[in-house]
Each structure stands twice: as C-alpha cells, then as structure tokens.
**Q** 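Here's a structure for you.
Note that ligands are numbered from 1 as they come in the structure, with each ligand's atoms numbered from 1 the same way. Just the heavy atoms: all of them, side chains too, but no hydrogens, waters or symmetry mates, feed the values below.
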Amino acid sequence: MKSILVVGSGVAGMTAALEAAEHYDVTLLTKSDLSQSNTRYAQGGIAVVTTEGDSVESHVADTLLAGAGLSDQDAVQLLCEEGPAAFDELIDRGVKFDQVDGHLAHGLEAAHSHARILHAGGDATGAGIAYALIDQVRASKVSVRESTAAVDLVIEDLPDGGHRAVGVTLLNGEVVRADVVILATGGAGQLFPYTTNPEVATGDGVAMALRAGAVVSDLEFYQFHPTSLDAPDNFLISEAVRGEGAVLIDREGKRFMLDIHPDAELAPRDVVARAIAVQMAKQSGVPVRLDCTHLGADFLAKRFPNIDAACRAQGFDWGNEPIPVTPAAHYWMGGIRADEWGRTSIPGLYAVGEVACNGLHGANRLASNSLLEGAVYGTRCIAALADPPPPEHRDAEDCGADWAQPFALDLADHADADNFTRDDLQRLMWEFAGLTRTGDRMLAASRRLAAFSTPRVTDAKSAEDANLLIVSRAVVEMALAREESRGGHYRSDFPATLPAQAHHSSAVQK
Ligand SMILES: Cc1cc2nc3c(=O)[nH]c(=O)nc-3n(C[C@H](O)[C@H](O)[C@H](O)COP(=O)(O)OP(=O)(O)OC[C@H]3O[C@@H](n4cnc5c(N)ncnc54)[C@H](O)[C@@H]3O)c2cc1C
C-alpha cells in the first residue's frame, strides 16, 4: 500500500489525511497538538455558494476582484465549483454550522456580493471545523504523531537522473519516509511582531521547500488585518465589528478614517491597515482605538461571544471603553508553487492550504476563502494520487494570469554573519517589509538579514528561527523585485498597479 506523509493538522492537512485514510497508509505529523493551527483560530466563516440566489460565477467574480488582477482563473473556478461538495463533506465529518429556523445561517462579509459565509459557534468557525476533524482523525486509521516537527525534506536522486521527495527529517535526526509527502504547514505570521496567527505559524513548509530547491511564488503578498487587539497574542477583532458600526479613533478621540476613504472604517482592508499604521506613527507608536461603546455591552457579548471573552480576558471592557487595536500579519497569499492538484515542482511533494500558492488568492485573499481552500485542495491532492490520475480539470491556457519564470534567490548568510533574536527579525520585517515598503528600506532589510547568521538547529525554537530567517530573506528579495503596488504588497516608491506586472512571481534558492 502506498504510504502518505501529511505534515500539518489544520483544515488542509486533516482533510488530506482523512481523504487518504481509506486507500493509503497515512501518517500525520504536527509540531504541537492537533488543535494548534491557524484553522483553530478562524472566526468569521467559510465562503460557499449554498443558496439559489447566489452562483458560482458570482463567487468567482468576487474572488478575482479581491485578487487584484493576479488570481488564477482556473484555480478560482475550481474552488468555487467544488466548494459546495467540500462543505457538505465537512458537515458529514461532524462540523455543526450555525442555523436559523432549521436552515443554515448565511453571513455577509466585505467584498462578497452575496451572503455566503457559513459559520459555526457564532465567531468560532475554525474551532468548530478543527475539533470535528480532530475527532474524525483520532477515530480513523491515520497514524498521528503530535509534538513532532518536520525539519527538512528528504529528496533522493533517481536512476533516470530525476529526483523525488521521499520523506522528512525530524529534530532528533529520525527520517520518516513515505511515497508521497504533503506539506500542509500553514502560514508564517510569526515573521512579524504583530500577528493574528498562533505560535506554530513560522513558515516551516516554505523554508523546507526553499532549502530543497522547490519553486515558490508570490511571497511578497502578505495580508495584514487592520484590527487586532493591541495585547499579547493580537486577538483578531473581526471586520464584522466595524460592519456593525464600530469606529476607529485617534489619541484625541477623533475619527481619522473619515479623511482617508469615502467608506471610512469599511474601506478595503489594506487601506484601513495602512491608515492605522500611519496614524500610529504620528502618535509615536501609541495604538489607535476602536470604539464599540455605542453598540452596548449586551449586544457585543451576544453577537461576538468569542471576541467578548478575549477582550475581557485581557482586561478590556469593550462595551464601556474604546479598545487599543493595531494591524497584524494575517494571511500569506504566497507559498510553495502548486498546481490544481497540489503538485509542486518536486515530484512526490504536494503542498495544500495556506503553505501553497496555486494562484487562487492572487495578490489579496477574499475573506473566508481560505478555510474553503483547505477543504477543497486537501481533497484534490489525494484524488491526484489515483491510478490512473484524474484528467486535468482545464487546459493550462485558460489560466488568467501568467506565471513568471523562476528567478534565483541568494539566501545565504554573509561571511561575517552574527547571531540574531526572533524579536530582532520580527521588528526588522515589520519596519522595513511590512505594510508600506520602499526599495531603499528593503535593501537595508536585505543587508541586515544577510548579516544574521542561520542558527544551528538544536531544538524546536532554533529550527523555527532558521526557517523564519530564510523565509524573511525570500520575502524581502521578492518584494524588492516587484516594482509596483498590488493587493497585499504596497510600495510607496511605486504606488501604481502596473498592468505589465500582472503576473505571479516565482523563485528558487540559488
Ligand atoms: C485569527 C484568524 C482568523 C481567521 N479567520 C478566517 C475565517 O473566518 N475564514 C477563513 O476562511 N480563513 C480565516 N483565517 C485563515 C485560515 O484560518 C487559514 O488560512 C487556514 O485555516 C489555513 O489552514 P491550513 O490547514 O493551510 O494551515 P493551518 O491551519 O495553519 O495548519 C498548519 C499546521 O501545520 C503544523 N505545522 C507547521 N509547521 C510544521 C512542522 N514543521 N512540522 C509539523 N507540523 C507543522 C501546524 O502546527 C498546524 O497544525 C483566519 C486566520 C486567523 C489566524
């Protein structure tokens, strides 16, 4: 029986493991416990076409618009078409989506033209999905290894001159071998000091792929959420709170978004996030505040039970006082370049979920499309293993945006490189390669990053630090190369979006 190694226990990894369990010998590695993932913390919901008034075409159109001219039409079409079946599968696997009068409750989110957001536990959709899938995984034949971090891919040369991924190494030097390796290691919010992502999001999959010589794409595109609580762990204060009427105020209590965009607090995410960062800089770093007090404590507790509990746990009585908020790194559009079946440039290596870049999100993710991506592509990568494999969904020529030829990234240490702390690296990335970038500042960041020495991997923390360093270098080099502004990549020295640059970036380590 073919053996499959899945790395990561978010929606993408657990979906792939469950799909594979019937036909293959499956091992699932995860570096913390099964529940630690971005998936577990997702709030708002999952975007799926489930009503008659809605349509796949409309979901596709909204996703393409959010992607700022860079979404791959083919990948988007697949997501939206296969979304309803993947959603039904989640229900079959025990996820309890919220209902009103015996019917699914549909929420509307910014940039969706229909109410197509299905949620669980009010604002605890990710937990609803994660714990249902965990129960299924534990009851399945999948062999689970928790607290087990993959450190590097094992790539073997083949007699025909080719090469293939055949497993991963662990911290203790053990090699876990498999016929197929599926990376589902999620994002890299820990590149930045402010992030909504949990501690496990350290870009490990992309780092492993870079070291193994795989092609990565669009690493320059990072989505920053405008409003996270300015307190340890940066708990996400959902856009829906502003949707209900909460307003952003400066140190003097004045609404500053009114001067910036006609939609004020409900302007696009990147606009609001940058405006907050500018305002914070004007206030010498003092966070701006989100005023929800006019909504009333009772309403807030009922409508946003999860956020209410998180605010209270940090000592904020948000029904009675404005709360400090800051933008925070939230979602990575870039990742290991993968095709419509999750296949990467290395035979035997697949990438699904946030770690992958199949072009679906383009330069900016449409809210609530990423949980769906994990469910859809987690299923597709297993379907691709069938013998014979399923036919290509569409002709490659139908892809909307081009994939550039990979360029070579120099990600090595300087000869005179010095130790660094994670805090140093995160501050550098925030200040020099965060919400607003310029060529000069990124060149400075590139030099500083080259002068950090890659730590020797002796434990989980040093492995993560080594990963964060190589990923930071790649993000900065790819952001330097894109001399325009688009979606999650904003350069004040190149503020325009240039039609000539409407192509995905691709790179490999030199
Ligand atoms: C606060 C928050 C709110 C969000 N809200 C929404 C929302 O409402 N709707 C939506 O669609 N999306 C939302 N997102 C985004 C969404 O949650 C993620 O994009 C999605 O869950 C990613 O799923 P994944 O399976 O690819 O990765 P993850 O869920 O992040 O899982 C990655 C897994 O890999 C493991 N791992 C990482 N490195 C290693 C390693 N070296 N070895 C072994 N295991 C490893 C991790 O421990 C983890 O288990 C939100 C994200 C956050 C942080």
**Q** Under 4.0 Å, counting heavy atoms only: does T148 come that close to any atom of ligand 1?
**A** yes

**Q** Would you say T196 has any N or O atom under 3.5 Å from an N or O of ligand 1, going by distance alone?
**A** no

**Q** If you measure from atom 22 (C) of ligand 1 to every heavy atom of E354, E464, Q223, which option wins on shortest distance?
**A** E354

**Q** Using a distance-only test with no angle check, is there a side-chain donor-acceptor pair under 3.5 angstrom linking Q43 and S238?
**A** no

**Q** Applying a heavy-atom cut-off of 4.0 Å, say which part of T39 lies close to ligand 1: side chain, backbone, both or neither.
**A** both

**Q** Show your reasoning for whether salt bridge (Lys or Arg N to Asp or Glu O under 4.0 Å) applies to R473 and D413.
**A** CA-CA 10 Å; R473 287 174 177 164; D413 293 357; 2.9 Å; yes

**Q** For ligand 1, is there an N or O atom under 3.5 Å from any N or O atom of L371?
**A**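 L371 vs ligand 1: N/O contact under 3.5 Å present.
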
**Q** How does D204 reach ligand 1, by side chain, by backbone, by both or by neither, if only non-hydrogen atoms under 4.0 Å count?
**A**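 The answer is the side chain of D204.
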
**Q** So is there a nitrogen or oxygen of S32 less than 3.5 Å from a nitrogen or oxygen in ligand 1?
**A** no

**Q** Do D123 and P305 have side chains that approach each other closer than 4.5 Å (heavy atoms only, starting at C-beta)?
**A**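 They are in side-chain contact.
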
**Q** Quick one: does N197 get an N or O within less than 3.5 Å of an N or O on ligand 1?
**A** no

**Q** If you measure every N or O of V11 against every N or O of ligand 1, does any of those distances drop under 3.5 Å?
**A**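 By distance alone, the answer is yes.
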
**Q** Does a donor on one side chain and an acceptor on the other come within less than 3.5 Å for S113 and D62?
**A** yes

**Q** Could you tell me if the side chain of L79 sits less than 4.5 Å from the side chain of E373, heavy atoms only?
**A** yes

**Q** Does only the side chain of K31 get under 4.0 Å from ligand 1, or the backbone, or both, or neither? Count heavy atoms.
**A**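 The answer is both.
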
**Q** Pairs of nitrogen or oxygen atoms closer than 3.5 Å, one from N38 and one from ligand 1: do any exist?
**A** yes

**Q** Considering only non-hydrogen protein atoms, determine which one is nearest to atom 47 (O) of ligand 1 and report residue, atom name and distance to 0.1 Å.
**A**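 Looking at atom 47 (O) of ligand 1, the protein heavy atom closest to it is Q36 O, 3.2 Å.
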
**Q** With no hydrogens and no angle check, just 3.5 Å: does a side-chain donor-acceptor pair link S3 and D179?
**A**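 The answer is yes; a qualifying pair exists.
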
**Q** When you measure from atom 25 (O) of ligand 1 to every protein heavy atom, which one gives the shortest distance, and what is it?
**A**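 The closest one turns out to be A12 N, 3.0 Å.
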
**Q** Would you indicate which of G8, G203, A184 comes nearest to atom 32 (C) of ligand 1 when only heavy atoms are counted?
**A**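 Ranked by closest heavy atom to atom 32 (C) of ligand 1, first place is A184.
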
**Q** Nearest protein heavy-atom contact for atom 52 (C) of ligand 1: which residue, which atom, what distance?
**A** H330 CE1, 3.6 Å

**Q** Tell me, please, which residues at least two apart from R456 pass side-chain hydrogen bond (donor to acceptor under 3.5 Å, both in side chains).
**A** none

**Q** One residue to check: V7. Relative to ligand 1, which of side chain, backbone, both or neither has a non-hydrogen atom less than 4.0 Å away?
**A**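 V7 to ligand 1: side-chain contact only, backbone stays beyond 4.0 Å.
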
**Q** Heavy-atom distances under 4.0 Å decide this one: backbone, side chain, both or neither, for R365 against ligand 1?
**A**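 Looking at R365 and ligand 1, just side chain atoms fall under 4.0 Å.
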
**Q** Examine A150 against ligand 1 and note whether any of their N/O atoms are separated by less than 3.5 Å.
**A** yes

**Q** Among all the protein's non-hydrogen atoms, which is closest to atom 15 (C) of ligand 1, and how far away is it?
**A** S370 OG, 3.4 Å

**Q** Which atom pair, heavy atoms only, marks the closest approach of A130 to R40?
**A** CB-CA, 4.1 Å

**Q** Can you tell me which portion of I46 lies within the under-4.0 Å heavy-atom range of ligand 1? Options are side chain, backbone, both, or neither.
**A** neither

**Q** Kindly identify the option in G44, S228, G45 whose heavy atom sits closest to atom 9 (N) of ligand 1.
**A** G45

**Q** Below 3.5 angstrom, do we get any N/O pair linking M208 and ligand 1?
**A** no

**Q** Without hydrogens or angle criteria, can the side chains of S462 and D465 be said to hold a donor-acceptor pair below 3.5 Å?
**A** no

